[in-house]
Amino acid sequence: MPTVLCATASSVERALPLLKASSHLFVDLEGRNLGNEDGALSVISIGTALARDIFIFDVLSLSVEDIRPVLDLIANTHTLKIVWDGRMDAIDFRRTYNVRFGRVLDLQIADIVSRPERGVEDEVMMHSVPWHPLHPVRYYDTGGVHALVGLKQALESHGVADKPERGNPSINHQDWMSRPLSREYLKYAAQDIVLISR
């Protein structure tokens with residue numbers, strides 16, 4: 001799976017034919033505090049079917065005109081875009097570019113919907129993990145509240161991946177705004193696409 005950093009108009013143009021030819025796309029954003037008032041978008045990562053090709057679009061290096069064809073692809077209703085926890089991504093696409101996802105599948109929602117079939121109960125998830133945000137209120141009625149888990153934990157619970165390592169302590173999300181992006185940050189962005197594609 002080759003990963004290509006697209007930081008020029010010509011690199012965006014070279015990526016477009018492969019993206020347009022894909023039956024579906026995996027999409028993830030990275031930046032500082034995405035979805036919050038002080039949030040700022042840094043990169044848009046997009047993978048083709050099976051994550052055969054991964055493109056990381058450096059939006060800080062590209063003009064809106066340069067990135068417009070990618071945004072049009074995100075907004076079109078023909079190609080399925082697959083995301084994990086796309087809430088923040090959707091907020092930042094709308095806030096930064098006034099673009100909405102067209103035809104999107106959020107695998108975090110699919111994980112929640114599939115829990116009854118897998119015999120997983122949200123109550124057990126919320127109360128068995130000490131770091132879960134609802135753990136402190138476990139003695140109150142939290143019926144109907146769904147526990148959200150991270151991508152790596154969901155992959156493990158679906159039997160798609162081994163027990164994940166706990167986060168990547170060397171990634172500081174404030175540093176997504178620094179340039180040039182280090183190889184470690186590009187690898188992190190590409191790895192998210194690989195994980196979503198599983």
Worksheet entry | Residue pair E30 / D192: nearest heavy atoms and the distance that separates them | OE2-OD2, 2.9 Å
Worksheet item: What heavy-atom pair brings M177 and S42 nearest, and what distance separates the two atoms?
Response: SD-CB, 3.9 Å
Worksheet, complete the sentence: In this structure, CD1 of I193 is separated from CH2 of W84 (nearest 0.5 Å) by 14.0 Å
Worksheet entry | Nearest-0.5 Å distance that lies between atom CG in D66 and atom CZ in R68 | 11.5 Å
Discussion item. Within the structure provided, determine whether D58 and I56 are in side-chain contact (heavy-atom separation under 4.5 Å).
Written reply: no
Worksheet entry | Side-chain heavy atoms of I109 within contact of D85, under 4.5 Å | no
Worksheet item: Hey, any chance V83 and L34 share a hydrophobic cluster, counting ILVMFWY side chains that come within less than 4.5 Å of each other, even indirectly?
Response: yes
Worksheet item: Under a 4.5 Å side-chain heavy-atom rule over Ile, Leu, Val, Met, Phe, Trp and Tyr, are L105 and V113 clustered together?
Response: no
Item to complete: Please determine if D89 and R87 form a salt bridge, counting it only when a charged side-chain N lies under 4.0 Å from a carboxylate O.
Response: no
Fill in: Where L73 and K81 come nearest, the two heavy atoms and their spacing
O-NZ, 3.3 Å
Result block: side-chain N/O donor-acceptor pairs under 3.5 angstrom for residues 4-16, not counting sequence neighbours:
unit_1 : atom_1 : unit_2 : atom_2 : d
T8     : OG1    : S10    : OG     : 3.2
T8     : OG1    : S11    : N      : 3.2
T8     : OG1    : S11    : OG     : 3.1
S11    : OG     : A7     : N      : 3.2
S11    : OG     : T8     : N      : 3.1
S11    : OG     : T8     : O      : 2.7

Worksheet item: Which ring-ring contact (aromatic ring centres under 6.0 Å, His included) pairs, counting each pair once, include a residue from residues 10-33, with sequence neighbours left out?
Response: H24-F26
Item to complete: Applying salt bridge (charged side-chain N to carboxylate O under 4.0 Å, His left out), name anything that partners D92, two or more places apart in sequence or on another chain.
Response: R95
Worksheet item: Are the side chain of Y97 and the backbone N or O of I67 linked by a donor-acceptor pair below 3.5 Å?
Response: no
Practice prompt. May I ask you to test the D28-I196 pair for a side-chain heavy-atom distance under 4.5 Å?
Written response: yes
